[in-house]
Amino acid sequence: MKFSTLFKTLLLSGMMTGSCIPASAAEKVTMADIDFHQAGGNYYCYPWLHKDPPAQTPAPKGYVPFHLEHSGRHGSRWLIGYHHYDRSLELLEKGERNGKLTPLGKKVLETVRKIRKDADGREGELSDNGALQHQGIGKRMAKNYPTIFTDSTNLDARATNVIRSILSMFNGLNGIQSVVPAINIKTDASNADMWYMNHNDEEAWKARSKAQDEEWKFYGRHKNKGAYLNRLFNDPQFAKDSIGDHLFNHLYSVLVNTQSHSDQPWLVEEVFTIDEARERWSERNIAWFLNAGNSKLTDNRMPFVQSNLLQDIIACVDTAINSNVPSVNLRYSHDTVVLPLASVMELNNVFEEINDFEELGEKGWHDYRVVPMAANIQIVFYRKPGSHDINDVLFKVLLNEQEATLPFKAVTGPYYRWKDAKEYYSKKIAPYVSKK
C-alpha cells in the first residue's frame with residue numbers, strides 16, 4: 001500500500017518560530033530547568049522535529065533486531081474546541097473597545113484574531129508540524145533498524161478513530177515508506193480496538209476523584225497573580241475589575257500552542273515571565289500526574305489504566321518470537337494512553353510514588369518529558385539469528401527516541417532480558433486487565 005501520493009501535501013517545510021530544547025531521559029531536572037516551550041506541558045512540540053535524537057547504544061555482539069512494538073501520541077494539533085480562542089478574544093476586545101490595550105495588547109489581539117480565523121473548522125486536527133514530526137519518527141525507525149524494516153516485514157498499524165491519530169499514522173507510514181517503499185503494511189482505525197488502544201477504566205477514574213480536593217488546594221496556592229495584565233492593559237484598575245483572572249489560562253493555552261505550527265508567532269515570552277509560565281505548568285503537571293502517576297492520593301491505581309494495552313503488547317511479542325518474518329506493530333493514540341503506559345512500565349522515574357504535589361517539579365516528574373506532541377514508546381527486540389528461544393530475547397525501550405531505564409537488572413547498558421520483563425509485567429497488571 002502506498003501513501004506517498006495521498007499525503008505528499010503534508011510534506012510541509014518551514015522552521016518553527018520557537019526552538020524545542022530536549023532533556024536527556026536520564027538527566028535530573030527541576031522547576032528551574034523548565035523553559036518557556038516546555039512549560040507548555042502536553043503542548044510541548046516534539047523535541048526532534050528539526051534535529052536528530054541522541055545516538056543509540058550498540059546491541060550486544062551477535063544480537064540482531066527482529067521486532068518492534070510502538071505506542072505513540074498523535075502529533076502537534078490545533079486546540080480542541082474554540083473556547084480558549086473565543087474567550088481570549090472576548091476579553092482582549094473588551095480592552096480594545098475601552099481604549100485600554102497597550103501596544104503589546106494590540107499585537108496579541110491581532111495575533112489571536114488571525115489564529116482564530118485560521119483555526120475555524122480545524123479544532124483538534126493535526127497541524128503541519130504534527131505531520132512532520134511523525135514523518136521524521138517513521139523515517140528514523142526504518143533507518144535505525146534495517147533488519148526489522150524490510151520488504152518482507154509484516155507491519156500492522158492501528159489508530160484510534162480520531163482524525164489527528166489517523167493522520168499521524170499515515171504520516172508515520174509515509175516516513176517509513178520513504179526508506180522501505182515495498183514494506184507490507186496493514187492499517188486500521190476501529191472501535192473494535194478501543195478496549196486496548198484507548199481503554200476507559202471507570203474504576204480508576206473513581207480513584208482519581210479522591211484527590212480532587214487536594215488538587216484544588218494546590219491550584220489555590222499557585223494561582224496566577226495577574227501581573228501579566230499590566231503588559232497587555234494600560235489601566236490597572238480596568239484590568240482588575242473587567243478582566244481579573246478570567247484571561248490567563250485561555251490566553252496562555254492559545255499562545256503556548258503556537259509552537260504546534262510553523263507559521264504562528266511565538267509571543268509567550270513577551271506576555272509572560274518564566275515564573276508565570278512555570279506556575280501555569282505546575283498546575284497542569286499536577287493534573288497529568290493524577291491521571292497516570294503513582295500516588296496514595298489515588299490509591300496507587302492510575303498507572304494501570306492502560307493495562308489492556310500492555311497485555312496486548314506482550315501477546316504480540318509472543319507471536320513475533322515464534323515467527324521467522326520480521327514484524328512491527330504501531331499504535332497511534334493519545335497522551336492519556338502513552339503516559340500511563342510509561343508509568344506502568346516504570347520507564348525512568350515515571351512510576352515513582354509521590355504523595356506531595358509540591359515535590360513533583362523538583363523530583364523531575366515533568367509531563368512534557370513523557371508526553372510532548374508526537375510522544376512515542378518504542379520497544380525494540382533482539383535475538384541471535386535463527387533463535388526462537390524466549391530466554392535468548394533481549395529488548396530495550398526508547399521513550400521519545402531516547403533509551404530508557406527499566407525496573408529490572410540490565411544485561412548490559414539499556415538492554416534487558418524479555419523473559420524477566422514478561423514475567424514482571426504480566427504479574428503486575430493481571431488484576432487490572434479486562435476482557436474485550
Side-chain angles (χ1 to χ4, degrees), residues 31 34-44 78-113 115-116 119 123 208-209 211-260 264-291 356-358 360-361 366-368:
M31 286 282 287
I34 301 170
D35 67 29
F36 278 102
H37 290 81
Q38 293 164 339
N42 67 317
Y43 292 155
Y44 179 46
W78 295 82
L79 294 180
I80 297 175
Y82 301 115
H83 59 289
H84 289 313
Y85 304 119
D86 293 342
R87 187 65 169 144
S88 297
L89 283 176
E90 177 187 346
L91 294 168
L92 289 168
E93 287 175 345
K94 181 185 289 188
E96 180 187 46
R97 288 193 304 272
N98 288 277
K100 301 298 185 179
L101 292 182
T102 64
L104 176 59
K106 294 176 182 178
K107 178 180 179 181
V108 171
L109 173 56
E110 290 308 309
T111 296
V112 176
R113 277 177 174 157
I115 292 174
R116 176 61 181 91
E123 62 168 309
R208 166 70 168 83
S209 67
Q212 188 170 7
D213 287 345
E214 291 302 316
E215 183 179 8
W216 284 108
K217 289 177 185 178
F218 181 91
Y219 294 162
R221 294 195 299 271
H222 293 266
K223 187 176 180 180
N224 180 263
K225 305 302 187 295
Y228 79 101
L229 291 171
N230 295 326
R231 298 170 211 127
L232 301 176
F233 299 92
N234 57 28
D235 184 337
Q237 194 62 46
F238 172 86
K240 179 180 179 181
D241 296 341
S242 299
I243 307 301
D245 60 2
H246 301 295
L247 178 60
F248 183 78
N249 283 329
H250 298 294
L251 183 60
Y252 190 87
S253 296
V254 172
L255 295 185
V256 83
N257 194 51
T258 60
Q259 62 185 303
S260 291
Q264 293 182 4
W266 179 253
L267 301 180
V268 175
E269 293 167 58
E270 296 182 49
V271 178
F272 305 103
T273 66
I274 189 60
D275 287 338
E276 288 171 328
R278 288 169 180 163
E279 281 286 284
R280 169 54 165 68
W281 168 81
S282 70
E283 292 185 9
R284 300 307 304 148
N285 191 52
I286 287 294
W288 283 110
F289 175 74
L290 289 175
N291 286 349
D356 182 351
F357 292 161
E358 300 291 349
L360 288 182
H366 292 192
D367 54 2
Y368 63 85

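Predicted model only: the values in this text are computed from it and were never measured.
Using a 4.0 Å cut-off between charged nitrogen and carboxylate oxygen, Lys223 and Asp245 count as a salt-bridge pair.
Aromatic rings of Phe248 and Phe272 (six-membered ring for Trp) have centroids within the 6.0 Å cut-off, being under it.
Using cut-offs of 30° and 60° on the angle between ring planes, the pair His84 and His250 is tilted. Ring geometry for Tyr85 versus Tyr82: interplanar angle of 30 to 60°, hence tilted.
Residues passing the side-chain hydrogen bond (donor to acceptor under 3.5 Å, both in side chains) test with Thr111, sequence neighbours excluded: none. Every residue was checked against the ring pair (Phe, Tyr, Trp, His ring centres under 6.0 Å) condition with Phe233, not counting sequence neighbours, and none meets it.
Atom-to-atom distance recorded for Tyr44:OH and Asp367:CG is 11.5 Å, nearest 0.5 angstrom. A distance of 3.5 Å separates NZ of Lys107 from CD of Glu270, quoted to the nearest 0.5 Å. Note that CH2 of Trp78 and CD of Glu123 are 12.0 Å apart. Values are rounded to the nearest 0.5 Å. Interatomic distance, Arg87 CZ to Ser253 OG, rounded to the nearest 0.5 Å: 13.5 Å. With rounding to the nearest 0.5 angstrom, the CG atom of Asp86 is 8.5 Å from the CD atom of Glu90.
For the 3.5 Å distance criterion, the side chains of His222 and Glu358 qualify, holding a donor opposite an acceptor.
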Assess whether side chain to side chain contact (heavy atoms under 4.5 Å, CB included) is satisfied between Arg208 and Asn291, documenting all intermediate values.
CA-CA 7 Å; Arg208 166 70 168 83; Asn291 286 349; 3.0 Å; yes

Can Phe36 and Trp266 be said to form a side chain to side chain contact (heavy atoms under 4.5 Å, CB included), step by step?
CA-CA 10 Å; Phe36 278 102; Trp266 179 253; 3.9 Å; yes

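Taking every heavy atom of both residues into account, Asp35 and His37 meet most closely at OD1-N, 2.9 Å. Nearest heavy atom pair, residue Asn234 against residue Thr102, reads N-CG2, 3.6 Å.
No donor-acceptor distance shorter than 3.5 angstrom exists from the side chain of Arg231 to the backbone of Leu104, with no hydrogens or angles considered.
For the side chain to side chain contact (heavy atoms under 4.5 Å, CB included) with Pro236, the lone residue among Leu229, Asp241, Asn230 that qualifies is Asn230. When Trp281, Trp288, Phe289 are each tested for a ring-ring contact (aromatic ring centres under 6.0 Å, His included) with His366, only one passes: Trp281.
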